[in-house]
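For reference, the structure discussed in these notes is given below.
Quick note: numbers below take in every heavy atom, side chains included, and nothing from hydrogens, waters or symmetry partners. Counting convention: from 1, in listed order, for ligands and their atoms alike.
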Amino acid sequence: MQNDGALHGTHDSLHDALKRHFGFESFRPGQEAIVRNALAGRDLLAIMPTGGGKSLCFQLPALLRPGVTLVVSPLIALMQDQVRLLLDNGIAATFLNSSLDPAEARARTAALLRGEYKLLYLAPERLLQPEFLNSVLAPLARAHSIAAIVIDEAHCVSEWGHDFRPEYRQLATLRERCPGTPMLAFTATATPRVRADIVRQLALADPVVHVASFNRPNLFYAVRPKGRHSYAELLATARDDAGAGIVYCLSRRRVEELARKLCEDGIRALPYHAGLDAETRRVNQEAFIRDDAQVMVATIAFGMGINKPDVRWVVHYDLPRTLEGYYQESGRAGRDGDRARCILYFGAGDIRTADFLIQQKVDPLSGEPLLEEQRMARQQLRQVVSYAESSECRRAIQLRYFGEDFPGPCNACDNCCEPRALEDRTVEAQQFLSCIARLAQRRERYGIGHLIDILRGSESERILSRNHHTLSVYGIGKHHSVEQWRAIARSLLHQGLVSEIQDGYSVLALNAESWAVLRGERRVQVAASRSVRDRAAAGPHAAAPADVDGELFETLRALRKRLADTAGVPPYVIFHDASLREMARRRPATVGEFAAIPGVGQAKLARYAEPFVAAIRGHLHT
Ligand code: ADP
Ligand code: MG
């Protein structure tokens, strides 16, 4: 067996290999343990958040073990992206998929059988084709030339996951065809049900299971009030931070509108949604990935397959449907580990829209409402709304959702950095709760909207026909707007000072805490709504640290873009922003100094030292 030292993974040899092949100075959390288990030939399941650095966990072992590592990947775009990155690091990698003409596919297959690749990416359909199984896989397996089989995006194997792919189910049959070959599964999906399903469906043998924290410390989270000013804020975000951004909207129409508006205001923005034809989608996505467009305005159709590591901000212009969805979508920011911002715009109108959409969930054949689905969707909506309205650490709420205990404060969200003032709302709370009490005396129960109508003295048919204008609480809350009342009501719910129960639909009921408030034994505080003006709460600006030479950074960015366009690859394939920033800080003027920059491995040194050092020298002499 070759490379014995590395295989046993002495500290130095592993770190040397990390720097030599990938240019990285150190492992990200969890990577080293996974790499060591992979080198030891164990089956494993690794669960790490997006941007956690899963690829490296199988790529480094692939280089250090004899034979080829097969990587199953669900999307052509993902394979191409990974292979581009590997090739630029001088690593023998390739892919086989339907985008290749037959001659090219044959040539790659022949090279594979000659042992010329360390990594082969392919779709499950291709791997399971009888032709491939018999004339490629079988001889490789017989010669013990398959180092490992990697299942990337392994949640595709589970129908509980969001991207179920039936072909993934067949992968377990590889166990018999390649006995003794370790199988490594990777996913960012957090739910325990999907995790268990992966182990079972892939028949992993006594796997080591790694579950990394889902905390992404480099992301700043904020929620902003939604209103007429929101567009101006979005525009300012795009202008202040020249880095790439994604804006998520609920509808195609909204995507088109917003993309057009941003363009009119001088931002290079493009739309992306399922209503565009495949070619337009491909062209727009490619322009975004190559930094030809700065902003992608999209529905959630834009997602998987986007490995762009240097997205600097993700704005949700409409309320996401689930907290998990929000975590995954906002998580497309900052995969490279650099600081990035995630901003959610939230207004009460979003709740009404979402409610309306939930009511549309009906059986397409019978037209009957799908009650169970509606119930689940409402519950998910409530979680998103309480995230948006909470004054608690945003990170703590998100991580709790994934079953992780994060005490907070995180000091990287609006609530931690700029706590909202608390206002005493005891009187309003008592008014609201007594309205519920009065109705309860009449054996009636209502939801928030109707209660507010009573308090504000509405003269609607719904009120008059039920004789609610005769209640003593009728009209006592006129001086507050509907929005103010809603905020108070929802805060009472979050604080457990009133309960929500299902009675066909959601209605409110008093609990023991409510009575404590009504009897005046307990005061009620509600977080003030955030002012539209305190832009500080929208997060730190991505200003470069003071010792980075900003002008040089821009020069290097332009050089990177030129080299990338010539090579037909996205700029991040050449260097991450973090590497450029280090160059602009240290200003390496020799090849030796350049080699020490993070992100510069063997291959990149050979390929890029000359043009970059020349640009740096040129800058120093002007
Ligand atoms: P995942 O598949 O978990 O979402 P990737 O494997 O695509 O994440 O890695 C995300 C980014 O992190 C990539 O741009 C990669 O180059 C970078 N990265 C991975 N490991 C390290 C490391 N040890 N040091 C620095 N950057 C890393
Ligand atoms: Mg990945």
Side-chain angles (χ1 to χ4, degrees), residues 14-36 38 44-63 71-75 77-89 91 93 119 121 150-156 163 184-190 210-219 243-244 289 303-312 327-340 560 569-582 597-601 603-604:
L14 259 196
H15 281 76
D16 288 351
L18 182 66
K19 173 69 184 164
R20 192 167 62 247
H21 293 296
F22 296 96
F24 298 145
E25 305 300 301
S26 56
F27 285 105
R28 292 247 182 98
Q31 282 182 331
E32 183 168 354
I34 298 173
V35 167
R36 286 182 189 282
L44 65 87
L45 167 62
I47 294 141
M48 271 183 160
T50 302
K54 290 184 280 297
S55 322
L56 184 108
C57 297
F58 57 82
Q59 289 169 348
L60 186 59
L63 300 177
V71 185
V72 176
S73 173
L75 291 180
L78 288 178
M79 297 182 209
Q80 286 173 337
D81 191 67
Q82 299 230 341
V83 168
R84 276 196 294 225
L85 286 160
L86 287 165
L87 290 177
D88 209 62
N89 273 317
I91 293 165
L119 287 131
Y121 283 75
V150 172
I151 318 294
D152 203 7
E153 313 290 347
H155 57 276
C156 292
D163 306 300
L184 321 178
F186 292 85
T187 177
T189 296
H210 285 268
V211 183
S213 166
F214 273 65
N215 186 12
R216 305 268 314 273
N218 60 316
L219 302 187
I289 285 172
M304 187 153 90
I306 313 308
N307 258 346
K308 188 173 171 55
D310 49 3
V311 173
R312 295 273 66 87
Y327 175 86
Q328 301 292 0
E329 288 144 31
S330 62
R332 301 202 169 109
R335 295 170 83 124
D336 54 9
D338 260 13
R339 271 209 313 202
R560 176 179 68 174
V569 298
Y572 64 76
V573 167
I574 297 190
F575 284 121
H576 279 177
D577 289 351
S579 297
L580 296 192
R581 221 174 21 246
E582 273 310 292
I597 296 288
V600 179
K604 302 227 184 246

Q: Would you please name every residue forming a side-chain hydrogen bond (donor to acceptor under 3.5 Å, both in side chains) with R560, sequence neighbours left out?
A: D577
Taking a 3.5 Å cut-off between nitrogen or oxygen atoms, can you list every pair linking ligand 1 to the protein, with distances?
unit_1: ligand 1; atom_1: 3 (O); unit_2: G52; atom_2: N; d: 3.4
unit_1: ligand 1; atom_1: 3 (O); unit_2: G53; atom_2: N; d: 3.1
unit_1: ligand 1; atom_1: 3 (O); unit_2: K54; atom_2: N; d: 2.9
unit_1: ligand 1; atom_1: 3 (O); unit_2: K54; atom_2: NZ; d: 2.8
unit_1: ligand 1; atom_1: 4 (O); unit_2: G51; atom_2: N; d: 2.6
unit_1: ligand 1; atom_1: 4 (O); unit_2: R335; atom_2: NH2; d: 2.7
unit_1: ligand 1; atom_1: 6 (O); unit_2: K54; atom_2: N; d: 3.3
unit_1: ligand 1; atom_1: 6 (O); unit_2: S55; atom_2: N; d: 3.0
unit_1: ligand 1; atom_1: 6 (O); unit_2: S55; atom_2: OG; d: 2.6
unit_1: ligand 1; atom_1: 8 (O); unit_2: G53; atom_2: N; d: 3.3
unit_1: ligand 1; atom_1: 12 (O); unit_2: R28; atom_2: NH1; d: 3.1
unit_1: ligand 1; atom_1: 12 (O); unit_2: R28; atom_2: NH2; d: 3.2
unit_1: ligand 1; atom_1: 14 (O); unit_2: H576; atom_2: NE2; d: 3.0
unit_1: ligand 1; atom_1: 20 (N); unit_2: Q31; atom_2: NE2; d: 3.0
unit_1: ligand 1; atom_1: 23 (N); unit_2: S26; atom_2: O; d: 2.8
unit_1: ligand 1; atom_1: 23 (N); unit_2: Q31; atom_2: OE1; d: 3.0
unit_1: ligand 1; atom_1: 26 (N); unit_2: R28; atom_2: NH2; d: 3.4

Q | Residue list, side chain to side chain contact (heavy atoms under 4.5 Å, CB included) with P598, at least two apart or on another chain | A | E25, E582, R586
Q.
Can you classify the ring geometry of F214 versus Y327 as parallel (below 30°), tilted (30 to 60°) or perpendicular (above 60°)?
A. tilted
Q. Who are the side chain to side chain contact (heavy atoms under 4.5 Å, CB included) partners of A33, not counting sequence neighbours?
A. H210
Q) When rounded to the nearest 0.5 angstrom, what distance separates NE2 in H576 from CG in D310? A) 7.0 Å
Q: With the side chain counted from C-beta on, respond yes when Q82 and Q59 share a heavy-atom pair under 4.5 Å apart, and no when they do not.
A: yes
